[in-house]
Amino acid sequence: MEKDSRIYIAGHRGMVGGAITRHLKLAGYTNLITRTSAELDLRNQGAVHTFFQVEKPEYVFLAAAKVGGIVANNTYRADFLYDNLLMECNIIHAAYQQQVTKLMFLGSSCIYPKMAPQPLREDYLLTGPLEHTNEPYAIAKIAGIKLCEAYRDQYGCDFISVMPTNLYGIGDNYHPQNSHVLPALIRRFHEAKIANAPSVTIWGTGTPKREFLYADDLADACIFLMQTYSEKELINVGTGEDLTISELAELVKDVVGFEGEIRYDTSKPDGTPRKLMDVSKLHKLGWKHSVDLKEGLALAYDDFLHTQIVAER
Ligand SMILES: NC(=O)C1=CN([C@@H]2O[C@H](COP(=O)(O)OP(=O)(O)OC[C@H]3O[C@@H](n4cnc5c(N)ncnc54)[C@H](OP(=O)(O)O)[C@@H]3O)[C@@H](O)[C@H]2O)C=CC1
Ligand SMILES: C[C@H]1O[C@H](OP(=O)(O)OP(=O)(O)OC[C@H]2O[C@@H](n3cnc4c(=O)[nH]c(N)nc43)[C@H](O)[C@@H]2O)[C@@H](O)[C@@H](O)C1=O
């Protein structure tokens, strides 16, 4: 990737696309191509093909997707499957037709079987049944991986697939129902602190384990892999460390400064019991994360407070 290469970041207003865009700019890449979903609906095949014909991107980061936490995935099952399949099919096929030099597809750790051995190695893909709550999203993500593999096999396209673990960071979604656990807890503990509430209720039993990667670290890994990795096999991106949701809640409580009790609503789903990434392949290539969870949580809480101030203006 040269500093003046034509680089399209699909989903540049999202948490991940935003971080990739910031990092590319900081590294001196000058020819970045972006469109909002209002300007270019990636589900529209004709519009995507015209866009690729006109803009002729050389590199593509596919970070646009319909994204959400466990309840959003389980509620909008059709949308998570349909929207994500269409976006991936349209972009990947247009990238092949317009002879894009290299494309990176972003998947997710939920592609692995619910009860897979831990840590999750890349070759565990398609070795067992998926978690029900996010099965449609996972199926769409697996289709994206298989599209990249198939276009490489049949047409020799340099399309790679990167599987991030659970993410958080600047520009996260803080919606009370539809977000992922970490931004949801930041908001809930903050609102409880302001209201002087006696307790905060979190979903499920608190026993599932999750791994969290700061989105700016992911962006750094994506740019590193765009420059160094051109294999057919997917590659995991994470920290290789996890904790229980109860432990996460205690950490968020401390960072926010809430002093009440933590309660559990066990009528809400737990989802996958554990999904710890095996990151040995990534480490062997020479990349490791730099922001640890405590530091990242403080940065994320600052971002949440900033979002609140902007919303109140
Ligand atoms: N967040 C997480 O914990 C994880 C995320 N990932 C993956 O990382 C990628 C980015 O996720 P994240 O940044 O969190 O998601 P966000 O929801 O923050 O951003 C998604 C972006 O996709 C764009 N988008 C959605 N629908 C359309 C559409 N129909 N047409 C055009 N653009 C569309 C949106 O654009 P606009 O703003 O213009 O509407 C939005 O900016 C996704 O592939 C996701 O699956 C993987 C693992 C974990
Ligand atoms: C990244 C990944 O994200 C999703 O999978 P998930 O890891 O299960 O995502 P989650 O962040 O929503 O939940 C993690 C855990 O946390 C618990 N939990 C407690 N309290 C809240 C809470 O208030 N909100 C949420 N969302 N979860 C809560 C919750 O019950 C669960 O046990 C996929 O659907 C898919 O999108 C995907 O790929």
Side-chain angles (χ1 to χ4, degrees), residues 9-21 34-44 47-48 51 61-75 79-80 82-84 86-88 90-91 104-112 114 131-138 140-141 144 162-189 200-213 215 218-219 222 237-238 244-246 248-249 252 262 264-266 268-275 277:
I9 307 106
H12 73 290
R13 286 203 308 183
M15 177 173 69
V16 171
I20 293 174
T21 306
T34 58
R35 292 290 186 282
T36 66
S37 59
E39 291 163 343
L40 174 65
D41 185 340
L42 294 168
R43 295 170 302 183
N44 180 332
V48 172
F51 166 75
F61 289 91
L62 208 181
K66 181 145 188 81
V67 181
I70 191 165
V71 163
N73 269 266
N74 202 21
T75 307
D79 298 349
F80 273 76
Y82 180 79
D83 286 13
N84 286 320
L86 285 188
M87 285 189 246
E88 294 159 9
N90 291 340
I91 293 189
M104 175 182 290
F105 169 68
L106 288 169
S108 160
S109 57
C110 69
I111 54 139
Y112 292 111
K114 175 174 183 169
E131 153 63 20
H132 176 76
T133 53
N134 57 31
E135 190 187 67
Y137 175 76
K141 291 294 185 186
V162 168
M163 294 310 113
T165 190
N166 290 42
L167 306 167
Y168 68 101
I170 311 295
D172 211 339
N173 167 14
Y174 297 100
H175 189 280
Q177 302 301 320
N178 294 337
S179 66
H180 290 104
V181 60
L182 196 150
L185 293 190
I186 287 182
R187 176 173 180 163
R188 205 165 304 142
F189 279 111
V200 157
T201 302
I202 69 169
W203 299 351
T205 58
T207 57
K209 295 186 94 173
R210 292 290 184 272
E211 172 186 357
F212 296 95
L213 178 71
L218 174 69
C222 287
V237 181
T244 64
I245 296 301
S246 299
L248 174 74
V252 176
I262 297 177
Y264 296 91
D265 175 359
T266 53
K268 289 282 197 303
D270 267 344
T272 309
R274 192 177 186 196
K275 38 182 179 170
M277 291 295 215

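Quick caveat: nothing in here was measured; it's all calculated off a predicted structure. Nothing fancy with the numbering, it's 1 onward along the sequence. Basis for what follows: all heavy atoms, side chains included, without hydrogens, waters or symmetry-related copies. Numbering of ligands and ligand atoms starts at 1, following listing order.
- Taking 4.0 Å as the cut-off, I245 counts as a neighbour of ligand 2 on heavy-atom distance.
- Taking distance alone, with nitrogen or oxygen atoms compared against 3.5 Å, L185 stays at or beyond that limit from ligand 2.
- Not a single heavy atom of K141 sits less than 4.0 Å from an atom of ligand 2.
- By heavy-atom distance, the residue among S37, P164, A47 lying nearest atom 39 (O) of ligand 1 is S37.
- Ligand 1 lies nowhere less than 4.0 angstrom from a heavy atom belonging to H12.
- The residue from S179, A184, P136, S109 that puts a heavy atom closest to atom 26 (N) of ligand 2 is S179.
- Among Y137, Y264, W203, the residue whose heavy atom lies nearest to atom 22 (C) of ligand 2 is W203.
- Contact annotation for K268 and ligand 2: no heavy atom of the residue comes within less than 4.0 Å of the ligand.
- Between atom 33 (C) of ligand 2 and the options N134, N166, V67, the minimum heavy-atom separation is to N134.
- Applying side-chain contact (heavy atoms from CB on, under 4.5 Å) to L167 and the options M15, H180, E211 leaves one that passes, M15.
- In terms of polar-atom proximity, defined here as any N/O pair under 3.5 Å, G204 makes no such contact with ligand 2.
- For ligand 1, the polar-atom distance check against T165 finds no nitrogen or oxygen pair separated by under 3.5 Å.
- When only interatomic distances are considered, the shortest N/O to N/O separation between L167 and ligand 1 falls below 3.5 Å.
- For M87, the closest heavy-atom approach to ligand 1 falls below 4.0 Å.
- In R210, the part holding a heavy atom less than 4.0 Å from any atom of ligand 2 is the side chain.
- The heavy atom nearest to atom 36 (O) of ligand 2, out of those in A65, G206, G68, is found in G68.
- Judged by the shortest distance from any of its heavy atoms, R188 lies inside the 4.0 Å radius around the atoms of ligand 2.
- Within the 4.0 Å heavy-atom cutoff, K66 does not count among the residues contacting ligand 1.
- Atoms of ligand 2 found under 4.0 Å from any heavy atom of C110 (numbered from 1 in listed order, with element): 38 (O).
- Put simply, atom 2 (C) of ligand 1 has protein non-hydrogen atoms near it, under 4.0 Å away.
- Inspection of the D265 and T201 side chains reveals no N or O donor paired with an N or O acceptor under 3.5 Å.
- Geometrically, ligand 2 and P269 share a nitrogen or oxygen pair separated by less than 3.5 Å.
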